[in-house]
Enquirer: 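My questions all concern the structure below.
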Amino acid sequence: MNFQDFYHPPQKIPYSFEIFPPKDEKGAATLFQALKELSVFNPIFTSVTYGAMGSTQDLTRDLALRIQKELQLRTAFHFTCVGSNRTSVREYVERLKQEGLNLVVALRGDPPNGVSHFIKQEDGFLYANELVTYLREIGGFSIAVAGYPEGHIEAPNKEIDLINLKRKVDAGADIVITQLFFNNRDYFDFVDRARKIGIKIPIIPGIMPIQNLKQIEKITKMCGASIPRDLHQQLIQSDGDVQRALEIGIQHAREQCRDLITRGVPGIHFYTLNKSHSTRRIIESL
Ligand code: FAD
């Protein structure tokens, strides 16, 4: 299975859902319920993140396999270079391939809190393009990589970051999934610039319906995405009113999706935060 097979205009717009491994059984039950509710939209795949600092290596694998087996949803697994070397990467990914999972979101990952630079393991990888090259060498995978419409937080500028994205594409990535963004202009500008430097593969917009102010401020601070002033102001005014903040998030993401679809994006990747309500409401209204 290749990621590119899922994006074929002019079919119905394809959706994919991103989730993370829950901390406990209660979280797992909530997640499975959410995925059951979202499965009515026939997602092209559900992707399972890999915890910061490689902290969920086993959980990611077990959850991805469980979702594929129990819910019959096609699953992609995220994998980062954190704490891995060539031998451990090979062992991990070969095992998943044997279990029928060959869709990988290949990432570098982040340095630990308080450390400014990513440090590679001995015989490991410093950048995601090296991981992509190695996965191609192992063979049998289809590979998605991360793209940053507003530039990666560590990159000196957007142009250099885009050249680094091109390295991942040249190494063999099949699609790009973008970091969350709240202004579609950032996405379309990113796609234009990417096409100009010869990136031809599908660039799938990543949409995160906002759940509440505190959480989205934390997430955007960590990843360097910006919240438009109007949207931020609305969220500040709604602070304390959980339902109101949720509605603002739904409304904003819905408008973003409408515009993206009208302007011909190949698909939409939802950052669900393990919840179904907002994503379901948005897709139902499209
Ligand atoms: P890279 O592509 O390696 O880029 C990292 C930085 O180095 C960038 O500033 C880039 O410009 C620069 N760079 C890249 N290559 C080179 C080079 N060859 N020479 C010099 N500079 C270079 N994190 C997790 O921990 N787990 C997840 O499951 C996860 N899933 C994600 C899914 C998506 C769709 C996205 C957008 C992000 C995800 N992340 C995840 C976050 C990601 O790990 C971080 O953003 C990380 O800081 C960068 O990862 P990358 O793969 O983009 O790295």
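Remember, it's 1-based here, ligands and their atoms both numbered in the order they're listed.
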Enquirer: For Arg167, which part has a heavy atom under 4.0 Å from ligand 1: side chain, backbone, both, or neither?
Expert: side chain
Enquirer: Test salt bridge (charged side-chain N to carboxylate O under 4.0 Å, His left out) on Asp58 and Arg61 and set out the steps.
Expert: CA-CA 5 Å; Asp58 293 345; Arg61 182 191 57 220; 3.5 Å; yes
Enquirer: With a heavy-atom distance limit of 4.0 Å, tell me whether Phe77 approaches ligand 1 through its side chain, its backbone, both, or neither.
Expert: neither
Enquirer: Is the closest side-chain heavy-atom distance between Gln68 and Leu73 below 4.5 Å?
Expert: no
Enquirer: Around atom 39 (N) of ligand 1, find the nearest protein heavy atom and jot down its residue, atom name and distance.
Expert: Leu107 CD2, 3.9 Å
Enquirer: For His269 and Tyr271, run ring-ring contact (aromatic ring centres under 6.0 Å, His included): C-alpha distance rounded to whole Å, both residues' side-chain angles, the deciding distance at 0.1 Å, then the answer.
Expert: CA-CA 7 Å; His269 184 73; Tyr271 293 104; 5.4 Å; yes
Enquirer: What about Gly109: any of its N or O atoms under 3.5 Å from an N or O on ligand 1?
Expert: yes
Enquirer: Side chain or backbone, does Glu154 bring an N or O within less than 3.5 Å of an N or O on ligand 1?
Expert: no
Enquirer: Quick one: nearest non-hydrogen protein atom to atom 9 (O) of ligand 1, plus distance?
Expert: His152 ND1, 2.7 Å
Enquirer: Any idea which protein heavy atom is nearest atom 30 (N) of ligand 1, and the distance to it?
Expert: His78 ND1, 3.0 Å
Enquirer: Does atom CD of Glu137 have more than 12 heavy-atom neighbours, drawn from other residues, nucleotides or ligands, at distances under 6.0 Å?
Expert: yes
Enquirer: Once you restrict to heavy atoms under 4.0 Å, what part of Arg108 touches ligand 1? Side chain, backbone, both or neither.
Expert: both
Enquirer: Any side-chain heavy atom of Lys12 within less than 4.5 Å of one from Asn42?
Expert: no
Enquirer: Nearest heavy atom to atom 23 (N) of ligand 1 wins, so pick from Thr80, Leu162, Leu165.
Expert: Thr80
Enquirer: Which of the atoms in ligand 1, numbered in the order shown and given with their element, are less than 4.0 Å from a heavy-atom of Thr49?
Expert: 28 (O)
Enquirer: Among protein heavy atoms, which lies nearest atom 27 (C) of ligand 1, and at what distance?
Expert: Tyr50 O, 3.4 Å
Enquirer: Would Val105 count as being in polar contact with ligand 1, using the rule that some N or O on each side must be under 3.5 angstrom apart?
Expert: no
Enquirer: Side chain, backbone, both or neither: which part of His269 comes within less than 4.0 Å of ligand 1 when only heavy atoms are counted?
Expert: neither
Enquirer: Kindly check if the number of other-residue, nucleotide or ligand heavy atoms within 6.0 Å of CZ (Arg95) is above 12?
Expert: no
Enquirer: Are Glu255 and Arg258 ion-paired here, with the side-chain N under 4.0 Å from a carboxylate O?
Expert: yes
Enquirer: So which protein heavy atom does atom 19 (N) of ligand 1 come closest to, and at what separation?
Expert: Tyr127 CE1, 3.4 Å
Enquirer: Nearest non-hydrogen atom to atom 11 (O) of ligand 1 belongs to which of Val145, Asp161, Ile153?
Expert: Asp161
Enquirer: Do Phe79 and Thr60 make a side-chain contact, defined as non-hydrogen atoms from C-beta onward lying under 4.5 Å apart?
Expert: no
Enquirer: Which label fits Phe6 and Phe45: parallel for a plane angle under 30°, tilted from 30 to 60°, or perpendicular past 60°?
Expert: tilted
Enquirer: Quick one: do Gln33 and Glu37 satisfy side chain to side chain donor-acceptor pair (under 3.5 Å)? Show the steps, please.
Expert: CA-CA 6 Å; Gln33 183 56 33; Glu37 286 164 18; 3.0 Å; yes
Enquirer: Counting only heavy atoms closer than 4.0 Å, does ligand 1 sit against the backbone of Asn129, its side chain, both, or neither?
Expert: side chain
Enquirer: Closest non-hydrogen protein atom to atom 2 (O) of ligand 1, residue and atom name please, with distance?
Expert: Lys168 NZ, 2.7 Å
Enquirer: So if I count the atoms of ligand 1 from 1 in the order they appear, which ones are less than 4.0 Å from some heavy atom of Ala155?
Expert: 9 (O), 11 (O)
Enquirer: Which of parallel (below 30°), tilted (30 to 60°) and perpendicular (above 60°) describes Phe125 and Tyr134?
Expert: tilted
Enquirer: Go through ligand 1 atom by atom and flag the ones less than 4.0 Å from a non-hydrogen atom of Tyr148.
Expert: 42 (C), 44 (C), 45 (O), 48 (C), 49 (O), 50 (P), 52 (O)
Enquirer: Tell me whether Asp170 is salt-bridged to Lys166, with the criterion being a basic N under 4.0 Å from an acidic carboxylate O.
Expert: yes
Enquirer: Which of the atoms of ligand 1 are close to Ile177, meaning less than 4.0 Å from one of its heavy atoms?
Expert: 34 (C)
Enquirer: Could you check atom 35 (C) of ligand 1 against the protein and tell me its nearest heavy-atom contact, residue, atom and distance included?
Expert: Ala146 CB, 3.6 Å
Enquirer: We want to know whether Ser88 and Asn85 form a side-chain donor-acceptor pair, criterion being a heavy-atom distance below 3.5 angstrom.
Expert: yes
Enquirer: For ligand 1, find out whether one of its N or O atoms is nearer than 3.5 Å to an N or O atom of Asp110.
Expert: yes
Enquirer: What class does the angle between the rings of Tyr15 and Phe270 fall in, given that below 30° is parallel, 30 to 60° is tilted and above 60° is perpendicular?
Expert: tilted
Enquirer: Just jot down the ligand 1 atoms closer than 4.0 angstrom to any heavy atom of Gln179, in number order.
Expert: 36 (C)
Enquirer: Please check if any side-chain donor atom of His78 sits under 3.5 Å from a side-chain acceptor atom of Thr49, or the reverse.
Expert: no
Enquirer: Starting from atom 13 (N) of ligand 1, which protein heavy atom do you reach first, and at what distance in Å?
Expert: Asn164 ND2, 3.2 Å
Enquirer: Is atom 4 (O) of ligand 1 near the protein, in the sense that some protein heavy atom lies at less than 4.0 Å from it?
Expert: no
